A.B. asks: 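Below is a structure I'd like to ask you about.
Counting starts at 1 for both ligands and their atoms, in listed order. Just so it is clear, the structure is predicted and the values come from calculations on it, not from any experiment.
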Amino acid sequence: MAFDCYCAICGVGFSGMRVGSPSDATPDRRRRCVERIARSLEGTTTVDADEDEPIYTYDPRLVDSDNVAWTSQLHCLGMHDDATGKSRAFISGPGYYADAGELAVKIGQPSKRTYFNCYGFGTDEVPGPVMPFHWCCFEILLRTLTGTTEPRNVNLEALYDAMSSLCNWSGSALRLPYGEDVLRAQGKYWQCLPGAEYSVSHPGTSIKDAIQTHIQTNQNLRIPPVDIDITIGNRHPTNPFGTLPTELIHHICSLLPGDSLKSLIQASLFIHLVTRDNAFWKRFIESDIPWLDEADTHALRTSSSSPPTDLNYQLVHQWLDAATTPTYGMADPVFMGAANRRRIWGVCEELSRSYRALCK
Ligand SMILES: [Zn+2]
């Protein structure tokens, strides 16, 4: 029986990526389709007698066949017994998804084509489950585990144990939070759902140029912080943080996720004032947005023409956070790859908790 299996790291399929043509659905029809799905996700679906036929292709204005080509090549992580009977984890060479849970990859030197079953029961040679993944997803996982993209820095046996512990024997992916848009697409076959194009955009796409252009040209990012009189109405705000040195408060704030820090700033005038420091926000961007690649981060620090000296890094953080949030219906192709990387980074952080516990 034919069915699809999905990448253990990003949850996306290896085949069946269909990009529509401009003639098979007009932009208006696509917009109505995305709005209808968005309403149903919000639970506000209304019965529409003139409802269009559903669309099962991606918007050609947002992705093209080159942009989704990364999904078709896979590698896998498996465990076999060596000549001494000891289990050894291995990463295969490149291959492809055949069908019905079977993948074909190159193994060994000289390499020979070998067939494995994804996730399910193993073979004599490889008795446990085999986890398929895209190489670019594996590199993101390596960065969360080791800070590098070098496979030899990772403990493969621990990684195999962490991944196989999240494996359903009859499943087509791991039990990981791939995101609602990916989980909805994981049917018997991969569903190309309009509005979820970001989830199949190449996660290695750099946004360096977009960052450079935006910080050089957007005057809204240069608004200086507003001076607030801490003694408003002769009222001295008291705060449990008030007795701590500023450096320690900055350190505590830097450990919070962006959303939590935003809430704390809104709730506390004292924290609002203490975190108006531009240097704090420069550092916070790097700790709160670790999934930016090296070139993206470099673009924030310097560029062919250096960032404007009056750049407000708190506003830069707000802009970057909003522009790269993986959201159903997102329609800016420049940031869709980065949004996908951010989604996958979140999955990898979840996986890295199991890995670190096993490494201990
Ligand atoms: Zn993947």
A.B. asks: Is it the case that the side chains of T57 and R30 hold a donor-acceptor pair, with the cut-off being a distance below 3.5 Å and no angle test?
C.D. replies: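 R30 vs T57: donor-acceptor pair found between side chains.
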A.B. asks: Is it true that the NZ or CZ of R342 lies under 6.0 Å from the centre of Y198's six-membered ring and within 45 degrees of the ring axis?
C.D. replies: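 Pair R342/Y198 does not count as cation-pi.
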A.B. asks: Can you list the residues that meet the ring-ring contact (aromatic ring centres under 6.0 Å, His included) rule with F284, with sequence neighbours excluded?
C.D. replies: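 Applying ring-ring contact (aromatic ring centres under 6.0 Å, His included) to F284 gives F280, W281, H317.
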A.B. asks: Is it true that R353 and E349 have a side-chain N and a carboxylate O under 4.0 angstrom from each other?
C.D. replies: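 Answer for the salt bridge query: no.
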A.B. asks: Which other residues belong to the hydrophobic cluster containing Y115, where Ile, Leu, Val, Met, Phe, Trp and Tyr are joined when side-chain heavy atoms lie under 4.5 Å apart, directly or via other members?
C.D. replies: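 The other cluster members (ILVMFWY side chains, heavy atoms under 4.5 Å, direct or chained) are Y96.
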A.B. asks: Return the number of protein N, O or S atoms with a distance to the Zn ion (ligand 1) smaller than 2.8 Å.
C.D. replies: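 Those protein atoms number 4 in total.
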A.B. asks: Tell me which pairs pass salt bridge (charged side-chain N to carboxylate O under 4.0 Å, His left out) where either residue lies in residues 241-260, with sequence neighbours left out.
C.D. replies: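 Those involving residues 241-260 do not exist here.
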